[in-house]
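Working notes for the structure below.
Numbers here simply count residues along the sequence, with the first being 1.
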Amino acid sequence: MHFKEILEKKRNSDLLSEEEIKYFVNAYTKGDIPDYQVSALLMAIFLNGLSIDETVCLTEAMLYSGTVVDLSNVPGIKVDKHSTGGVGDKTSLIVAPICAALGVPVPMISGRGLGHSGGTLDKLESIPGFNVNQDLNTYKKIVAETGLCLIGQTKEIAPADKKMYALRDVTCTVENKSLISASIMSKKMAEGIDALLLDVKTGSGAFMKTEKDSEELASIMISIGKKMGKKMTALITDMNQPLGSHVGNALEVVESMEVLKGNTLPEQKDLEELSFILAAHMLVLGGKTDDVDNAMEMVQTTIKDLSAFKKFKEVTTVQNGNAAALDDVSMLPTANNTHLIKAEDDGYIQKIDALLVGKGSVLLGAGRLTLDTVIDPAVGVIVRKKIGDKIKKGDLLFEIKYNDEMKLKQSLSYFEESFLIDSQKVSKPELVKKVITDEG
C-alpha cells in the first residue's frame, strides 16, 4: 500500500477504505510516513471531509494504536463526561465526585488547556501534590477503590492521536468536526467506559460558534459511540459568557469546592445548574434511574450531606494531593495583587464575551501561549456580574488576580472590551440548548 495513493484519493474527495485508514495511522505512529505527507492528508481531510464510516474507522485505528483499558473488574456501568472546552468550565470537578458518591464509577482521562480554553489537569495540579500522572495499573486500582480517578493521557492511550494532534495544531487543521470527533472519542473509548456524556459548547467562547455546528459535532460523536457499543447522550450548552464566576486554575478549584459544599453565589448559579444537570444525565446513563428529574433529586442529596465533597477529598488524598487545601482554600496558590474593573454606567449587562475573557486570562498566565509556557496557577479573573444583571455605576464587574504587572497591562484591554452595558433589559441566556440521545 502506498501512502501517496491514499493522499491522492482524499485530495480528490474519494472515500478511504478501512484498510487504507488503518495503514496510514499505524505507519505514521511507527514513524514510517513523514510529517509533511501526513500534513497534506490532514489538510485534504479538513477541506474535503470524512464520511461517518471513515470517521469511525479513523477513531478505531487511533484507539487501537495503544492500550484499551479493561475495567470489567469494577462493578457498575462506567460513565465519563467530556466537554468540548470553554471559559470557566470546571464542571468535571463537580460532576465526577457527585456521580462517584452515588455509586456510578467515573474513570476520567482529561486534557490540559488549549488556546483560550482551560484544562482539567491544570486545575487539578493547582491542588498541592495532586498527581494526574498515574500509570494505567494505578488508574484501574483507584477507580476500583474509590469509584473515581482523574488522570491525563498516558503514553499508552491512543498514541496515534497524540502524535497527530500535535501536527494538526501547527497545520491549522484542528477545527474539522471529523478530526475533532476521532481525537476525542479515541481517547474516551480507551478509558474502559460503558457510557459517555458529551457537553458540546456553543457560542463565542466555544470552538463551535453556532448551534448547528455544535449539533453536527455531537451527532458525529454519538454515531461513533453507538457503533462502538457505548451508551451516549449529548447536551448542547451555552458558552457565550464564562461559566460560573471564577476563571483560572486555583480559582476554579475554589469555586468548584463552594458548589460541592452548597455555598454558591448568585453569579455561580449557572455553573451549579449545569453541573447538576450533567450529573443527572450521567446517573441515567449509569443505570441509577431512568428519570432525569429523579436523578436531580439524587444529586441534591450529595450536596446536602456533603458526600460529593467528601468523595473529592478522598480521591485527592489517594492521588497524593493535600485534601486540607479543599477545606482551607487559602492553602491553594493565591495571586499577590488584585485589579478591579467597575461599571461606568447604570444599565444591564448585555454581553460578557467568553472568548475575550479566556484570551485575557491566558495573557495573565493562566494558560499557555506556547507548549513550553509555565502556567501560573494563582492568576485569573472573578466575574461578579452575568448577562441580564441590572447594575449601577460603580458596581464591581471583574476582580483580576495577577502576579505580573506587565502581564496585567497586556491582558487588561481584553477584559475591558469583553462586556457591554446598555439601558435595554435582556434575558439571561438559555443554558441548555438541546439534549441529544443515542435514540435521536
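Atoms CE and CD1, on M257 and I94 in that order, are 7.5 Å from each other to the nearest 0.5 Å. Once rounded to the nearest 0.5 Å, the distance linking CG of N336 with CG of D404 reads 11.0 Å. To the nearest 0.5 angstrom, I109 atom CD1 is 9.5 Å from I193 atom CD1. Atom CD1 of I45 sits about 6.5 Å away from atom CG of L58, to the nearest 0.5 Å. Atom-to-atom distance recorded for N131:CG and T316:OG1 is 12.0 Å, nearest 0.5 angstrom.
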Inset, instruction - Start with the C-alpha gap between V132 and F130, add the side-chain angles, then the distance that decides, and say whether side-chain contact (heavy atoms from CB on, under 4.5 Å) holds. - result: CA-CA 6 Å; V132 299; F130 199 110; 3.8 Å; yes

Inset, instruction - List the steps and the verdict of side-chain contact (heavy atoms from CB on, under 4.5 Å) for K433 and T202. - result: CA-CA 9 Å; K433 313 291 187 184; T202 189; 4.2 Å; yes

Inset, instruction - Could you walk me through whether T29 and K163 pass the side-chain hydrogen bond (donor to acceptor under 3.5 Å, both in side chains) test, one step at a time? - result: CA-CA 7 Å; T29 305; K163 188 173 182 181; over 6 Å; no

Inset, instruction - Check the pair S92 / M108 against side-chain contact (heavy atoms from CB on, under 4.5 Å), numbers first and verdict last. - result: CA-CA 9 Å; S92 291; M108 187 174 280; 3.8 Å; yes

Inset, instruction - Decide yes or no on side-chain contact (heavy atoms from CB on, under 4.5 Å) for V284 and T233, but give the supporting numbers first. - result: CA-CA 10 Å; V284 172; T233 298; over 6 Å; no

Legend entry - Candidate pair D53 and S51, rule side-chain hydrogen bond (donor to acceptor under 3.5 Å, both in side chains), full reasoning: CA-CA 5 Å; D53 286 341; S51 69; 5.3 Å; no

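Partner of E267 under the side-chain contact (heavy atoms from CB on, under 4.5 Å) criterion, chosen from K386, K385, E255, H246: K386. Checking each of V200, I436, T84, T237 against S214 for a side-chain contact (heavy atoms from CB on, under 4.5 Å) leaves exactly one that passes, namely V200. No option in T120, L271, V247 other than V247 meets the side-chain contact (heavy atoms from CB on, under 4.5 Å) test with E252. Of the residues listed (K188, K78, K231), the one engaging D194 in a salt bridge (charged side-chain N to carboxylate O under 4.0 Å, His left out) is K78, and it is the only one.
Side chains of T437 and E439: a donor-acceptor N/O pair is absent below 3.5 angstrom, by distance only. Between the side chains of T289 and D291, no donor-acceptor pair of N or O atoms lies under 3.5 Å. A donor atom on one side chain and an acceptor atom on the other are found under 3.5 Å apart for S72 and D70.
In terms of heavy atoms, S411 sits closest to L364 at OG-CD2, 3.3 Å. Residues V381 and L251 come closest through the heavy atom pair N-CD1, 3.7 Å. Between V106 and A100, the shortest heavy-atom contact is CG2-N, 4.3 Å. Across L332 and P128, no two heavy atoms sit closer than the pair CD2-CD, 3.8 Å. Residues A234 and I222 approach most closely at CB-CD1, 3.8 Å, considering heavy atoms. Pairing each heavy atom of P107 with each of V79, the nearest pair is CD-O, 3.7 Å.
We find that E272 and K269 are joined by a salt bridge, their nearest charged nitrogen and carboxylate oxygen being less than 4.0 Å apart. For D327 and K313, the salt-bridge test passes: some basic side-chain N is under 4.0 Å from an acidic carboxylate O.
Sparse packing is recorded around CG of D290, with 12 or fewer heavy atoms of other residues, nucleotides or ligands lying under 6.0 Å away. Summarising the local packing, NZ of K155 is surrounded by 12 or fewer heavy atoms from other residues, nucleotides or ligands at distances under 6.0 Å. Atom OH of Y414 is surrounded by 12 or fewer heavy atoms from other residues, nucleotides or ligands within 6.0 Å. Environment of NZ in K209: crowded, with over 12 heavy atoms of neighbouring residues, nucleotides or ligands closer than 6.0 Å.
Between the N240 side chain and the G203 main chain, no donor and acceptor come within less than 3.5 Å of each other. Put simply, the side chain of S65 gets close to the backbone of A160: a donor and an acceptor are under 3.5 Å apart. Side-chain atoms of S83 do not come within 3.5 Å of backbone N or O of K81 as any donor-acceptor pair. Checked by atom type and distance alone, the side chain of S183 never pairs as donor or acceptor with a backbone atom of I180 at under 3.5 Å. Q268 contributes no side-chain N or O that, together with a main-chain N or O of V259, makes up a donor-acceptor pair within less than 3.5 Å. Remark: side-chain polar atoms of D270 are paired, donor with acceptor, to backbone N or O of G244 under 3.5 angstrom. Side-chain atoms of Q241 come within 3.5 Å of backbone N or O of I387 as a donor-acceptor pair. With hydrogens and angles ignored, the 3.5 Å screen pairs a side-chain donor or acceptor of Y139 with a backbone N or O of E191. For the pair K230 (side chain) and L196 (backbone), a donor-acceptor distance under 3.5 Å is absent. Judged purely by atom type and a 3.5 angstrom limit, K311 uses its side chain to pair as donor or acceptor with the backbone of T146.
For K393, there are no salt bridge (charged side-chain N to carboxylate O under 4.0 Å, His left out) partners at least two apart in sequence or on another chain. With sequence neighbours excluded, the residues satisfying side chain to side chain contact (heavy atoms under 4.5 Å, CB included) with D213 are K177, M208, T210, E216. Every residue two or more places apart in sequence or in another chain was checked for a ring pair (Phe, Tyr, Trp, His ring centres under 6.0 Å) with Y64, and none qualifies. Legend: residues meeting side chain to side chain donor-acceptor pair (under 3.5 Å) with N137, ordered by chain and number and at least two apart, are absent.
The shortest distance between side-chain heavy atoms of V253 and V329 does not fall below 4.5 Å. Between Q134 and N320 the shortest side-chain heavy-atom distance falls below 4.5 Å. You'll find the side chain of I303 reaches within 4.5 Å of the side chain of I98, heavy atoms only. Considering only heavy atoms from C-beta on, N133 comes within 4.5 Å of E125 through its side chain. Within the 4.5 Å cutoff, the side chain of L260 has heavy atoms near those of the P97 side chain. Side-chain contact between L42 and M164 is present, with at least one heavy-atom pair separated by less than 4.5 Å. Counting heavy atoms from C-beta on, the side chains of I151 and I142 never come closer than 4.5 Å. Side-chain contact check for F398 versus I352: some heavy-atom pair is nearer than 4.5 Å.
Each salt bridge (Lys or Arg N to Asp or Glu O under 4.0 Å) pair with one or both residues in residues 333-357, not counting sequence neighbours, would appear here, but there are none. Screening residues 406-423 for salt bridge (Lys or Arg N to Asp or Glu O under 4.0 Å), with sequence neighbours left out, gives no hits.
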